[in-house]
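Here's the structure, in structure tokens; my notes come after.
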Amino acid sequence: MNFIDELRWRGMLHNSTPGVEELLENEKPVAAYLGCDPTAPSLTIGNLASLMMLIHFQKAGHKPIALVGGATGMIGDPSGKSAERELKSVEVLHYNVAQQKKILQKLLDFDHPVNGAELVNNHDWFKDMPVLDFLRDIGKNLTVNYMMAKDSVKNRLETGLSFTEFSYQLIQGYDFVHLNKHKNCKIQFGGSDQWGNMTAGTELIRKMSAEGEETEAHAVTCPLITKADGTKFGKTESGAVWLSPELTSPYKFYQFWVNSSDEDVKRYIRIFTLLDKETIEALEVEHNEAPHRRVLQKQLAQEITTMLHGEEAYDIAIQASQILFGKGTKQTLRNLSEDDFLDIFRGVPQIEVSHTAVEEGINVVDLLAEATQLFSSKGEIRRGIKGNGISINKEKVSDSDMTITSDDLIANKYILLQKGKKSYGLAVVS
RNA sequence: GGGGAGAUACCGAAGCGGUCAAACGGGGCAGACUGUAAAUCUGUUGGCUACGCCUACGUAGGUUCGAAUCCUGCUCUCCCCA
């Protein structure tokens, strides 16, 4: 199956310029690139959808190039934005670029002898470009009329758009020109919202090629990932789902996917895993027979967690899930080794309690009030206790006068705090 | 420039001198049910050293024993006419 067909059955193809399929059939490997803007110190699962295109591309025997937007990040992409963006400082951008590189390195194979992935930063070719060169060599090739017709610009004419953001498409467009010339890169990938910027690139390549020179440049986009209930994909109550383990723990990451709805999971497993068609269809049959077992969700979560965070992290996520949602009791908690315990609750908000306080006994409400990320007031804690919604070490607290003593410590050091079913906190005795 | 209406908690919206920490709906949180889902049902939704106290009905003053409620100035929003 060729690459484009692969994208098609997975529901990952939104739009493509004519002739891509022929190109990929006649040539191998072909180089393609995908750009990410360093607006945050990590990438989110929103970026992951287009990243998956790059992964499939490499799997199909082609050469993926990941571009981090050290330069474009300094400008700000107006696509999909209703207002002018705050500019990030250069230091922040550098940091973000470095963090994003780490993730890209996990997902792509950089060592393959034939089609190893490559990582580039557009800051490298923009940092020394004189403004006059930019205006004469690049800007001359596109008309303002053409640029204004892009949705990203049109939508902002009412509210205002700075020249800086207006010129974004030229910057991104030139990236493609540069990669086309120096890396023989012929395709650009992106989300459907990037279509305008990407075609600006193919347009520039055509205009900037020398007379008689053969150039080929294509754009391929994937659809925006949606959720069946209409809410925004990739967001949880606690914010975006990040790809780096420091920002979203592997456990939370795993949980995010396990919690996909039945309707969504069939689309997600096609997009976010490398499983082939037969395997997925077989899983679907199984899922439809016993939807409560959620084989699809579990498989999806396993594949994607392993791919990003590795086997080990996945195992811990599984263990954590069993303890937190299965029949975890005080006893199972006590049976855990300290290392496992810590691993499972890594990323959970922690509070410190003094050793003497625990020795003398501390009131539950006072203890929980320290966990400000879990509870906003003592009143909330008292209400929670009354409503049977608060547990310590997996045991319900029924009385707000209860006292916590050193008998309640796990591994002599920890107390597990819990609000409802899903919110945890950890008190550490120091 | 002239005239009118309004500003209440996370949002929408009642209240129009004491019984108002403020009806009702949405949202949030929790409980039951369940599949760690959806739907449904129930409770809860300012803070605290808690039968009491403090802070809150745009903002600053005033009237009153007592103000979200009455009066005045200010700020902002909306509507109508020029």
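Convention: sequence-line order gives letters A, B, ...; per-chain numbering from 1. In this text, all values refer to a predicted model and were calculated from it rather than measured experimentally.
Taking the nucleotide of RNA chain B with the nearest heavy atom to each of A:Arg382 and A:Val258, the more 5' of the two is matched to A:Val258. Along RNA chain B, the nucleotide closest to A:Arg293 and the one closest to A:Ser377 are compared, and the more 5′ of them pairs with A:Arg293.
Across B:rA30 and B:rC78, the matching C1' atoms stand 39 Å from one another, rounded to whole Å. Using atom P as the reference point in both B:rC54 and B:rU19, the two lie 15 Å apart (nearest Å). Across the P atoms, B:rU69 and B:rA60 are found 13 Å apart, a figure rounded to whole Å. Taking atom P on both nucleotides, B:rG28 is separated from B:rC11 by 15 Å, rounded to a whole Å. Using atom C1' as the reference point in both B:rA9 and B:rA68, the two lie 12 Å apart (nearest Å). Taking atom C1' in both B:rG6 and B:rU49, one finds a spacing of 41 Å when rounded to whole Å. Rounded to the nearest Å, the gap between the C1' atom of B:rG73 and that of B:rC65 is 26 Å. Rounded to the nearest Å, the gap between the P atom of B:rC16 and that of B:rG52 is 26 Å.
Residues from residues 307-314 of chain A lying near RNA chain B, meaning a heavy-atom separation below 4.0 Å, are absent.
Counting distance only, with no hydrogens placed and no angle test, the side-chain atoms of A:Lys421 and the base atoms of B:rU34 include a donor-acceptor pair under 3.5 Å.
Centroid-to-centroid, the aromatic rings of A:Tyr33 and A:Phe176 come within less than 6.0 Å. The aromatic ring centroids of A:Phe253 and A:His309 lie less than 6.0 Å from each other. Aromatic rings from A:Trp257 and A:Phe272 are positioned such that their centres are separated by under 6.0 Å.
As rounded to whole Å, 11 Å separates atom C1' of B:rG47 from atom NZ of A:Lys378. The distance from atom CD of A:Glu380 to atom P of B:rA30 is 9 Å, rounded to the nearest whole Å. As a whole-Å value, the separation of A:Gln255 CD from B:rG35 C1' is 13 Å. Following rounding to the nearest Å, A:Gln297 (CD) and B:rU34 (P) show an atom-to-atom distance of 19 Å. With rounding to whole Å, A:Leu296 atom CG is found 17 Å from B:rG35 atom P. Atom CG in A:Asp401 sits about 12 Å away from atom C1' in B:rA50, given to the nearest Å. A:Asp262 has its CG atom 10 Å from the P atom of B:rA38, to the nearest Å. Rounded to an integer number of Å, the gap from A:Ile381 CD1 to B:rA50 P is 15 Å.
Within 6.0 Å of CZ on A:Arg293 lie no more than 12 heavy atoms contributed by other residues, nucleotides or ligands.
Base orientation of B:rC51: syn, the glycosidic angle falling within 90° of 0.
Proximity of A:Arg383 to the phosphate of B:rG47: a side-chain N or O atom is located under 4.0 Å from OP1 or OP2. For the pair A:Lys422 and B:rA37, the criterion of a side-chain N or O lying under 4.0 Å from OP1 or OP2 is met. Applying the 4.0 Å criterion to OP1 and OP2 of B:rG35, one finds that A:Lys298 has every side-chain N and O outside that range.
Side-chain atoms of A:Asn197 and A:Gln194 include a donor-acceptor pair closer than 3.5 Å.
B:rG58: Watson-Crick or G-U partner is B:rC74, with both key distances under 3.5 Å. Under the Watson-Crick or G-U wobble criterion, with both distances below 3.5 Å, B:rG1 is paired with B:rC81. Using N1 to N3 plus N6-O4 or O6-N4 for Watson-Crick, or N1-O2 and O6-N3 for G-U wobble, each under 3.5 Å, B:rA23 pairs with nothing. The base-pairing partner of B:rU36, taking Watson-Crick or G-U wobble contacts with both distances under 3.5 Å, does not exist among the strands shown.
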Is there a salt bridge (charged side-chain N to carboxylate O under 4.0 Å, His left out) between A:Glu6 and A:Lys59? Walk through the geometry before answering.
CA-CA 11 Å; A:Glu6 180 88 28; A:Lys59 213 179 155 218; 5.6 Å; no
Could you give the side-chain donor-acceptor pairs of residues 280-292 of chain A under 3.5 Å, partners two or more places apart or in another chain?
residue: A:Glu284; atom: OE2; partner: A:Arg270; partner atom: NH1; Å: 2.6
residue: A:Asn288; atom: OD1; partner: A:Lys266; partner atom: NZ; Å: 3.2
residue: A:Asn288; atom: ND2; partner: A:Glu284; partner atom: O; Å: 3.3

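Applying the side-chain contact (heavy atoms from CB on, under 4.5 Å) test between A:Ile351 and each of A:Leu417, A:Leu426, A:Val428 identifies A:Leu417 as the sole match.
Ring geometry for A:Phe345 versus A:Tyr424: interplanar angle of 30 to 60°, hence tilted.
Residue contacts for A:Gly387: at a heavy-atom cut-off of 4.0 Å it reaches the sugar-phosphate backbone alone, with no base atom in range.
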